[in-house]
Every structure is written in structure tokens, then in C-alpha cells.
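Quick notes on the structure that follows.
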Amino acid sequence: MEIIHRGAAEIVPEEELKQKLYRSIKNGQPLRIKLGLDPTAPDIHLGHTVVLNKLRQFQDIGHEVHLIIGDFTGRIGDPSGKSETRKQLTEEEVNANAATYKEQIFKVLDPKKTIIHFNSQWLMKMNFVDVLNLAGRYTVARMLERDDFAKRYKEGLPIGIHELMYPLMQGYDSVELRADVELGGTDQKFNLLVGRNLQKEYGFEPQIALMMPILEGTDGVQKMSKSLGNYIGVNDEAYDMFGKVMSIPDSLIVRYFELLTRVPMEEIKTLQSAMEKGEINPRDVKIRLAKHIIAAYHNEEEAAKAEERFKLVFSQRDIPEDIPFVQITEREVWLPKFLQENGMVDSSSEGKRMIQQGAIKVNAVKQVDENLVLEENMVIQVGKRKFIKVRILV
RNA sequence: GGAGGGAUACCCAAGCGGCCAAAGGGGGCAGACUGUAAAUCUGUUGGCGACGCCUUCGAAGGUUCGAAUCCUUCUCCCUCCA
């Protein structure tokens, strides 16, 4: 129970979960833990892993994870809301995304205890009678309890009938699955509870809703998301990951430890109080955090290497060893263009700006001239973290 | 169905015939300080081998030597009335 509690934002109702766990232990029957996935975003980042980690913990104590890929909604397209019409996905796209998902998700989950479903399996088969039957089990008033519906209704903004159906579809997945527990972010609370109610309506044992907090991104304010550019992807390079973790604000350190690592809570608490008392530099705690995270998605060795390189580049302001080479044939170059061609800046105008602002270094010396004669093994640096090394082709 | 108001760069928001590649703020990027933290200060924020040229102010036309600014049509959004 303590394991399950860690990091959880809310468990509804907690008492029932205890009973289910107890019963499971007694009769050796694993619980069915559900998580729904959107088939449109195949790039998993640490924000997603908050929930995945919790699933993993369930697996570790013997339970069974059921992932539902929401290919049905993805395939019919969601015409709702202001956000421009979501594009319909073809079957191939859905499958391709699902494959990517698996590859990334199994960095956290145990494949042996994971079962993947597609909700089109049952939703596609329903006819209008079935749909009405489902819809008849819920009322508009209850649907309007949901925050964003309530708000829109009050403000006289449009709510599509089909939008009212989405929670029902998701909830129906739980019915089909006979889910014991459904996980989701706190933003999913309403949907998870609809699932619970529908199960009751259909005469099954209702699921427990377990909400995990929404993780803040590296900026420390907004939720982690790819479009905001404040994410750390599970497929990120080890060194990159290290840098991103190091750039999070101090206020997030403990949270990240709790939600993203397997470090025991007592240890985290010790670190926290040590930081508060000033006995330990938050930076060093962050280094530990970064190593834990990288070890989870790469390995210990990579983590150590990343740390070493990080210290070299940032603490000692030195040039790292393993810089990518660019092969060139012309020795005399106009730097703004050269930087652009090698992906160091977006445009030559930006390149010029960078030079003016003193952001460009050649062999660790600030470069002020736009023209440059390249030499073998010359190291060109943009900003703090972008390096390339010159190799001349004859 | 009728009457008004609006659409400006990544976001918010000024501009209302030339001085507008477009004020200000936010965000981003870079520099200083640092611990690639926070806070602070500074610079920068369409493209182009560039004291000039090209594309941008919802879309398409038009007036004018000259338009983000005026006119016409269209699209979308908001407010009020029915």
C-alpha cells in the first residue's frame, strides 16, 4: 500500500483499493490495471512516465497491466473544440504509432505482465442501439459536472454532443476490460470516475480511480509537453538528458525524485532536509537525480559518462572529447552560412547575431570576425552546448 | 434574421496614409553573474553575403507616387437585439 501511495495525487476510493489488494493476495488473482493511451503522440517523455512508473509498481507486486490504445477515436477523428480538427489516422498510422509506443513503454513496463488492447476492437462493432443503450446509462446533468463542460455551458460556449460521448467511450473501455483500477493524470479524474459508474451500471465491480500528478517541465512552471519544448524524452541521448535534468529549478528536485526514480522515500526526505539546512548543494542532489534517471533509460555506465562530460564542459568550461565532426572541402567560409549549414543556427541572420553577441567560440576563443579560415580539428562552439569539430577532406 | 466590435510577428497588445520589419510586455535565444537553479542586469528576437533588397499586419481585389493604416468583397471570432 505504501508503494502505491507514493506520489499518487488521489485514490478514489482508497478503502476499496485496500480490499481489492487484500483479496488479490488471498486468492492469488492479479488485479487488472488499466491505462488508456492516445494514439497520436508516440513520443514518450518523463511526464508520461509518472503514470507508467506507477503501473510498473503494480506489476512489481504481481498485478497485470492492460494498455488501451484509443485507436477508435483516433481513426474517426475528433472534430471537437477550438484546437484545429484532429486529423484522422489510418490503420497503418495507428499501428506504426502503437509499435513506437511499445518500444518506449517497455523501458518502464514489464512486457510479460502487459497486455495491449485497441478499443476499436469493441467500439467499432457497436451499432446505434448499443450506443443509445450506453448513453442511456448516463445523464446530461452528471456529464455537466465535469469542469470544462460546466464552464463552457455556463459561458454559453458550444459543447458538441459527440464530446459528451468521449467520456462514455473511455468509460466503456473499463467495462469491457473489467478493470480493477484505472490510472491517469489528475486531469483525467472525471473520465476515470465515469468508467467507475458505468461499470456499476453494467453490473460489474467498479474500478478504483488512481490519479497521478501532472509533472512540470524543465521550466518548472508549465506541464511537461513536447509542444512547449520543456520535455525530457525517454529516447533522449544520455548527455542531453543529463543537461536537461540539471536545468530544472531547485524547487522541482524532490518532486522529480519522488515521481521519476525508485529512490526510497526516506532517502529523498533526508536529501530534502539536508538541502534545506544548506548541508548539501542542491546542484549535487540534481546530479544524483540525473544519474538515476539516465540509468533507468540508458544504463549506469552512460550515466557516469554523461556526468563526467557535463562536469568537464560546464564546471570546468572545457571542450568535451567526443564532438561530432563536420567534413568540409572549402577552408575559407563565411561563418553565419557555415553555422546554418551545419545546423548550429536556424538562419544566417541568426548566425550573424550570435557572432555579434559573442556566442561563438573557435578553439575556445571568442570569434568576432564573420569570415574564418578553417583548420583541421578546429572546434567551433555556439552558445554553451553546441560543438562541432572540423575535418578537412582533400 | 437585425445592429455593432474585432482579426497585427511564438503569445498578449499598440499603431489607424509615408519617419513601420512594425511601440510595449511575456516567452525564446545569447552575454554577465552562477550551480546549464532561482533572482538580477545587458543585448537580441522575419529572411537574404545585407547601410541595400525580398516576404510579412485574416484572404482576395481596388484607390494612391506610397497602405498594417482608406474602399469593396469574402472567411472566421466576439457583444447586443430577435
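What you see below is based on every heavy atom in this structure, not just the backbone, and it leaves out hydrogens, waters and symmetry mates. Quick note on labels: first sequence line is chain A, next is B, and so on, each numbered from 1. Since we're looking at a predicted model, the values are computed, not measured.
The salt bridge (charged side-chain N to carboxylate O under 4.0 Å, His left out) with A:E205 is formed by just one residue from the set A:R178, A:R196, A:R23, A:R32; it is A:R23.
Atom-to-atom, CD1 of A:I280 to P of B:A37 comes out at 18 Å; the value is rounded to the nearest Å. Summarising the geometry, the separation between CG on A:L252 and P on B:A38 is reported as 11 Å, rounded to the nearest angstrom. One interatomic measurement links the two molecules: CZ of A:F257 to P of B:A37, which rounds to 18 Å at whole-angstrom precision. Atom NZ of A:K386 is separated from atom C1' of B:A30 by 10 Å (rounded to the nearest Å). Between A:M246 atom CE and B:U34 atom C1' the separation is 12 Å, expressed in whole Å. Residue A:F338 contributes atom CZ, which lies 16 Å from atom P of B:G49 at whole-angstrom precision.
A distance of about 10 Å separates the C1' atoms of B:A23 and B:A13, rounded to the whole Å. For the P atom pair drawn from B:G62 and B:G18, the interatomic distance equals 22 Å after rounding to whole Å. With both ends at atom P, the span from B:C16 to B:A68 equals 14 Å, rounded to whole Å. When the C1' atom is used for both B:G28 and B:C12, the distance is 15 Å, rounded to whole Å. Comparing the same atom, P, in B:A60 and in B:C19 gives a spacing of 23 Å after rounding to whole Å. For the P atoms, the distance linking B:A9 with B:G15 amounts to 16 Å, nearest Å. Distance noted for atom C1' between B:U69 and B:A7: 14 Å (whole Å). The gap from the C1' atom of B:C33 to that of B:C51 amounts to 35 Å, rounded to the nearest Å.
Side-chain atoms of A:S120 and A:E91 form no donor-acceptor pair, as typed in the model, at a separation below 3.5 Å. A:E176 and A:Y172 share a side-chain donor-acceptor pair at under 3.5 Å. Side-chain contact of A:S24 with A:Q29: a donor-acceptor pair under 3.5 Å is absent, judged by distance alone.
As the counterpart of B:A50, no nucleotide is assigned, since no Watson-Crick or G-U wobble pattern has both distances under 3.5 Å. Across all strands shown, B:U75 forms a Watson-Crick or G-U wobble pair with B:A7, both key distances being under 3.5 Å. With a 3.5 Å ceiling on both atom-pair distances, the Watson-Crick or G-U wobble partner of B:U40 is B:A32. Taking a pair to require two hydrogen-bonding distances under 3.5 Å in either a Watson-Crick or a G-U wobble arrangement, B:A22 remains unpaired. Summarising the base pairing, B:U55 is matched to no nucleotide, lacking a Watson-Crick or G-U wobble pair whose two defining distances lie under 3.5 Å. Base pairing annotation: B:C16 forms no Watson-Crick or G-U wobble pair, as no partner gives both donor-acceptor distances under 3.5 Å. Shown here, B:G1 forms a base pair with B:C81; the pair counts as Watson-Crick or G-U wobble because both key distances fall under 3.5 Å.
Counting non-hydrogen atoms under 4.0 angstrom, A:N230 reaches nothing in the nucleic acid. Using a 4.0 Å heavy-atom cutoff across all strands shown, A:I248 reaches sugar-phosphate atoms only and no base atom. A:K352 comes within contact range of at least one nucleobase, with a heavy-atom separation under 4.0 Å. Backbone-only contact: A:P249 has heavy atoms under 4.0 Å from sugar-phosphate atoms and none from a base. Across all strands shown, A:G358 has heavy atoms under 4.0 Å from sugar-phosphate atoms exclusively, and none from any base.
Using a 30° and 60° split on the angle between ring planes, A:F310 and A:F242 fall in the tilted class, from 30° to 60°.
Of all the residues in residues 294-301 of chain A, not one reaches under 4.0 Å from RNA chain B with any non-hydrogen atom.
Within 6.0 Å of the CD atom in A:E279, the count of heavy atoms belonging to other residues, nucleotides or ligands exceeds 12. Atom NZ of A:K20 has more than 12 heavy atoms from other residues, nucleotides or ligands within 6.0 Å. A 6.0 Å sphere centred on NZ of A:K107 holds more than 12 heavy atoms belonging to other residues, nucleotides or ligands.
Between A:F314 and B:G35, no base-stacking contact is recorded for ring centres under 5.5 Å apart and planes less than 30° from parallel.
Stacking of A:K112 on the aromatic ring of A:F106 is not recorded, the 6.0 Å distance cut-off and the 45° axial limit not both being met. A:Y202 carries A:R137 over the face of its six-membered ring, with the cationic atom under 6.0 Å from the centre and within 45° of the normal.
Between atom CG of residue A:N377 and atom CG of residue A:N363 there is a gap of 9.0 Å, rounded to the nearest 0.5 Å.
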N/O to N/O distances under 3.5 Å, protein versus nucleotides 39-47 of chain B:
{"from": "B:G43", "atom 1": "N2", "to": "A:Q357", "atom 2": "OE1", "distance (Å)": "2.9"}
{"from": "B:G43", "atom 1": "N2", "to": "A:Q357", "atom 2": "NE2", "distance (Å)": "3.2"}
{"from": "B:G43", "atom 1": "N3", "to": "A:Q357", "atom 2": "OE1", "distance (Å)": "2.9"}
{"from": "B:U44", "atom 1": "O4'", "to": "A:Q357", "atom 2": "OE1", "distance (Å)": "3.1"}
{"from": "B:G47", "atom 1": "OP1", "to": "A:S347", "atom 2": "OG", "distance (Å)": "2.8"}
{"from": "B:G47", "atom 1": "OP2", "to": "A:R353", "atom 2": "NH2", "distance (Å)": "2.8"}

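The closest side-chain heavy-atom distance from A:K311 to A:I287 is below 4.5 Å.
Evaluation of atom-type donor-acceptor distances gives no pair under 3.5 Å for the side chain of A:D284 against the base of B:G35.
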